[in-house]
**Student:** 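Would you mind keeping the following structure in view while I ask a few things?
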Amino acid sequence: MKITAGLKRYLDFFVKYNTAFIFLIMLVVSASISDVFFSSANLFNLVRQVTPVGIISMGMLLVILTGGIDLSVGSIVAMVGLLCALFTHNMSLPLAILASLACGLLVGSVSGYLVSIHKLAPFIATLAIMSVVRGLGFIFSKGAPILVDEHASALTDFGSGNSLGIPNPALILFLVFVITAVMLKYNIFGRIIIAIGSNEEAVRLSGIKVSVYKFSVYAIAGVLSAAAGIITTARTAVGSPVMGVGMELDVIAAVVIGGASLSGGKGSAINTLLGVLILGMIGNIMNLINIPAYSQQVIKGLIIIFAVLLQRFQSSNI
Amino acid sequence: MWTSIMTQKLFFKENSRCRMNRVELINISKSFGGIAALKSVTLKVIPGEIHALIGENGAGKSTLVKILSGAYSKDRGQIFLDGAEVQIRNTHDSKKLGIGIIYQEFSLVPALSVAENIFLNQLGTTGYWMRWGKIRKKAEDLIHNIGFSIDPSLRAGDLSIAEQQIIEIVKALSENVKVLILDEPSAVLGPQEIQKLFNTLDRLKKEGVAIIYISHHLNEIFQIADRVTVLKDGISSDSLKVSETNRDSIIRLMLGRSLDAMYPVRNSIIGEEVLRAVDICLADKVKGISFGIKAGEIVGIAGLVGSGRTETLRAIFGADRLKKGKIFLFGKEHKIGSPRKAVKMGIGMVPEDRKQHGVILPLSIKQNISLTDLNGISNPFGFIKAKREKNNANGLITTLAIKTENEDQEVSKLSGGNQQKVALAKWLNRECRVMIIDEPTRGVDVGAKVEIYNLINELSHKGVAILVVSSESSELMGICDRIFVMRKGMIQGELEKKEYSEEEILRLSIGAN
C-alpha cells in the first residue's frame with residue numbers, strides 16, 4: 001500500500017514534468033550514442049539549427065494557446081528571408097530589417113483579421129495564407145535564390161557570429177523565449193490568451209474584447225516568423241523561395257511535444273523551448289550516427305506520437 | 001399460508017400488469033452527485049392512451065425521458081414493458097424495446113434527404129447499396145399513413161420545424177414503436193401545426209400506441225390527454241383522469257409547497273431609475289420587451305424555458321445583437337453592442353450556464369475573479385501585481401464564504417455552489433450599478449442558496465439595480481420586489497409584491513388565462 005502510494009507520487013511527478021524528463025533522457029541517450037554529441041562544435045551547430053524553429057515556436061505557442069493554429073509560418077520564413085536579401089540591395093540594413101519584419105507583421109495581421117473578425121477557422125485561413133505567401137515568395141524572387149548584398153555584410157557577420165561565446169541567433173531565441181515566458185506568466189496579455197483558449201465565450205462575457213487578442217497572436221506569430229526568416233538569410237547569406245518548406249509542421253510538433261494542447265488553454269514557454277530542443281536533438285543525433293534522411297522522418301514521426309501519447313496519459317490521469 | 005397469499009398477490013399483480021399496462025415505471029429514482037433529480041416516480045401507461053406528464057422546470061421530466069431512452073441509467077426502481085421487467089442500459093436497448101422519443105431538439109441530419117433520415121438506422125440492413133426508389137417509396141407511404149404529404153427526397157434541413165417534427169415521428173414509427181414519448185412537442189409549433197400533430201397522435205392512439213406527452217401547457221392536456229400525471233421535485237402524483245379533474249387541481253399539484261424561511265428580509269431602499277429597456281427585440285426570441293429598474297431594486301423575470309427570458313438578459317448585456325430597441329442608463333441612451341461595452345457602463349452578468357459561460361473551469365479561483373478587472377490588478381504595462389491580485393481574491397473568497405483551500409484552487413474542483421459564488425465574485429470586483437443574474441441558484445445546494453440570496457440582498461442594499469431570472473417562482477417571490485412573467489418573447493404580466501402567488505406566475509407563464 002505504502003509502496004504503491006510512493007510509486008504513484010513518482011509517477012505523477014514524472015508525468016507532470018514529462019517534457020523535462022524526455023529532454024533529459026534525450027540528452028543521456030544522445031551522449032551515450034555518440035561521443036561527438038557534447039563537443040562544442042556540435043552543440044553550436046544544434047543550437048543554430050533549432051533557432052528559427054525555436055523563435056517561431058513562441059509565436060505558435062501563443063496561437064495554439066488561444067485554440068488556433070498557424071500554418072503560414074514556413075512560407076513567411078521563405079518570403080521574408082528573400083525579401084530581406086532583396087531589400088539589402090537598395091536600402092540600409094536597419095531599414096531592410098525593419099521592412100522585412102513589417103512584411104511578417106502584415107501577413108500575420110491578415111491571418112489574424114480573417115480569424116478574429118471574419119471568424120474563419122484558423123486552419124483554413126492560415127492554409128490559404130500559406131499558399132499565397134509561398135507563391136508570393138516565388139514571384140518576388142522569380143524562382144531563384146537572392147544573395148545578400150555585399151554592403152550588408154554586417155547581417156551575415158551577425159548571423160554566423162558569436163557574442164559571449166553563444167551564437168547570435170541563439171541569443172535572439174533566448175530573448176524571445178524570456179519575453180514570451182514573462183508575458184505568459186506575469187502579464188494580463190498572457191492571462192487573457194490562456195483564458196481565451198480555455199473558454200472563449202466566458203472571457204467575452206467577462207467584458208474582454210476577445211477579437212483584439214486573437215488578432216494579435218497571429219500578428220506576433222507573423223513577426224516572429226519574419227525574424228526567423230531574416231536570421232536564416234543572415235546565416236546563409238542567401239534568401240531562397242524554397243526555405244522553410246514543412247517548417248510549420250516542425251514548429252507545431254515542437255509546441256505539442258512541449259505539452260501544449262491543440263484545443264487551447266494549456267502550454268508553457270519553457271516546455272515549448274524544451275520541445276524545440278528535443279526535436280532538434282532527434283535530428284542532430286540521427287545525423288551524427290548517419291541515419292539516412294528518409295528513415296529520419298519516420299523516426300521523428302514515431303517519437304512525436306510517443307511524446308503526445310505520454311501527455312494523453314497525463315490529462316486522463318488528472 | 002402466508003407465502004401462498006404472497007404468491008397469489010404477486011400473481012394477481014403480474015397478471016394485471018400483463019393485461020393492462022404497456023409501460024410501467026415503478027419507484028424510479030436518479031441522483032446526480034448527491035442532488036436527487038428523481039426521488040420516486042411511478043407511471044403506468046396503457047396501450048391506446050395519451051398520458052400527459054407535466055411539471056415545472058426542473059421537476060425531473062427530462063431526466064425521466066432520458067432514463068427511458070437509455071441516456072441515463074436509473075439508480076433504483078423497475079421498468080416493465082408489457083408486463084416483463086426490462087433493463088435499458090443504452091439507447092440501443094431502448095430502440096429495440098420499441099420506445100420512440102421525439103425530443104425538443106430534433107436529431108435529424110440536415111444534409112440528408114427525408115427518406116434517408118427516416119431509415120437512417122436501418123440503412124445497410126439490406127446490403128451495401130442504396131435502393132433509392134425503394135426507400136423513397138417506403139418513406140412516402142409512411143408519411144401518407146399519418147396524413148401528411150412531404151416529398152421524401154427533400155433535404156431535411158430545408159423542411160419547416162413542424163415538418164421536421166413529423167419526420168421525427170415517422171422515423172419513430174418506421175421502427176415499430178410501442179411507446180412514443182414526446183418532449184414538449186408543441187414548443188416549436190404554430191396553432192395549425194399543433195392541430196395536425198394532435199390529429200396524428202389521435203390516429204396513433206387508435207392503433208394502440210402508448211403515448212407519453214410531456215408539456216407545460218395545460219390547454220393542450222385538456223385537449224388531447226386521457227390521463228395526466230404531475231411531477232414535482234422528482235416525485236410523481238397519482239395519475240388522474242383528465243375528464244375528472246380541472247385546471248386548478250393540476251396547478252395545485254404542480255406547486256403544493258410552502259415557502260420556507262430561506263429568504264432574507266427585504267428592506268428595499270429604492271432610488272432613481274438606473275436602467276430602462278424600451279421595445280427590445282431579438283431575432284424572434286424577444287418581441288418588444290420594455291421595463292425599468294431602479295437603484296436598490298430587485299426585479300425578477302419568470303417564464304418557462306424558451307420564453308425569451310435569458311435572451312432578454314443577454315440582449316441587455318450586449319451578448320447578442322439587438323434587432324430593435326433602446327437601452328437607457330441613468331436616463332441616457334447607450335448602444336450596448338458588446339459585453340465589453342456593458343461592463344464599461346457598469347453592468348455585470350452572471351450567465352445561466354455556469355460551466356460554459358460563467359466561470360473558466362481549468363483556471364484558478366483567483367484568475368477567474370480577476371478576469372473582470374484585469375486593469376485593477378496590473379500596472380499600466382499590463383504586468384500583474386501578484387500581491388494585490390491575491391489579496392483581492394482572498395477578500396472575495398472570505399466575503400462570499402467560498403469553501404476552498406486557497407485562491408489558486410482550480411474552479412473545476414469546487415462544488416456547484418462554490419463555482420456559482422466564483423461566478424458572482426467576478427462581478428463584486430467591479431463597482432457594478434446593474435447586476436443581471438440568470439438562474440442564481442441552479443444546481444446549488446440549499447446552504448449555498450441561502451448565502452447567495454443574502455448576497456443578492458446585500459448588493460441591492462448598496463444601491464445596485466438587480467435583474468434576476470429564475471425557473472423557480474418561489475425563489476423570485478422570495479427575493480424580488482417585482483416580477484415580470486414572460487411568455488413567447490413578450491411580457492405577459494407584471495406582479496407587485498402583494499399580488500405574488502405561484503399559481504398566478506404559473507398561469508401567466510403557460511398562458512392559462
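Reminder, nothing fancy here: chain letters follow the sequence lines and each chain counts from 1. The basis for the numbers below is simple: all heavy atoms, side chains too, and nothing from hydrogens, waters or symmetry mates.
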**Student:** What part of A319(B) gets within 4.5 angstrom of chain A, counting heavy atoms only: side chain, backbone, both, or neither?
**Tutor:** both
**Student:** Which atoms of R191(A) come close to chain B, meaning under 4.5 Å heavy atom to heavy atom: side chain ones, backbone ones, both, or neither?
**Tutor:** side chain
**Student:** Got a second to check how far S370(B)'s OG is from I192(A)'s CD1, nearest 0.5 Å?
**Tutor:** 11.0 Å
**Student:** When you look at CZ of F21(A), are more than 12 heavy atoms from neighbouring residues, nucleotides or ligands closer to it than 6.0 Å?
**Tutor:** yes
**Student:** Does anything in residues 385-395 of chain B reach chain A? List residues with heavy atoms under 4.5 Å apart, or say none.
**Tutor:** E389(B)
**Student:** When heavy-atom pairs shorter than 4.5 Å are enumerated against chain A, which of L374(B), T372(B), N368(B), V343(B) gives the highest number?
**Tutor:** L374(B)
**Student:** Under a 4.5 Å heavy-atom cut-off, does chain A meet the side chain of R430(B), its backbone, both or neither?
**Tutor:** neither
**Student:** Quick one: what part of S378(B) sits under 4.5 Å from any heavy atom of chain A, side chain, backbone, both or neither?
**Tutor:** side chain
**Student:** Within this structure, what is the CG-OG distance for the pair L363(B) and S198(A), rounded to the nearest 0.5 Å?
**Tutor:** 4.5 Å
**Student:** Does any heavy atom of chain A fall under 4.5 Å from the side chain of F381(B), the backbone, both, or neither of them?
**Tutor:** backbone
**Student:** Is the CD atom of E405(B) crowded by more than 12 outside heavy atoms at less than 6.0 Å?
**Tutor:** no
**Student:** In Å, rounded to the nearest 0.5 Å, how long is the span from CG of D373(B) to OG of S206(A)?
**Tutor:** 11.5 Å
**Student:** Calculate, to the nearest 0.5 Å, the distance between atoms CE and CZ belonging to M183(A) and F383(B) respectively.
**Tutor:** 5.5 Å
**Student:** Which residue out of G265(A), A202(A), A195(A) racks up the most heavy-atom pairs below 4.5 Å with chain B?
**Tutor:** A202(A)
**Student:** Can you tell me which of K344(B), K341(B), Q356(B) forms the most heavy-atom pairs within a distance under 4.5 Å of chain A?
**Tutor:** Q356(B)
**Student:** Which distance, rounded to the nearest 0.5 Å, do you find between the CZ of R204(A) and the NE2 of H357(B)?
**Tutor:** 8.5 Å
**Student:** Under 4.5 Å between any side-chain heavy atoms of R340(B) and I208(A), yes or no?
**Tutor:** no
**Student:** Determine whether more than 12 heavy atoms belonging to other residues, nucleotides or ligands lie under 6.0 Å from atom OH of Y186(A).
**Tutor:** no
**Student:** Look at atom OH of Y113(A) and say whether more than 12 heavy atoms of other residues, nucleotides or ligands are closer to it than 6.0 Å.
**Tutor:** no
**Student:** How would you list, in number order, the residues of residues 119-129 of chain A that have a heavy atom less than 4.5 Å from chain B?
**Tutor:** none
**Student:** One thing to verify: whether K355(B) and E201(A) come together as a salt bridge, which I'm taking to mean a side-chain N less than 4.0 angstrom from a carboxylate O.
**Tutor:** no
**Student:** Which of the residues N199(A), N187(A), V210(A), V182(A) is involved in the greatest number of heavy-atom pairs with chain B at under 4.5 angstrom?
**Tutor:** N187(A)
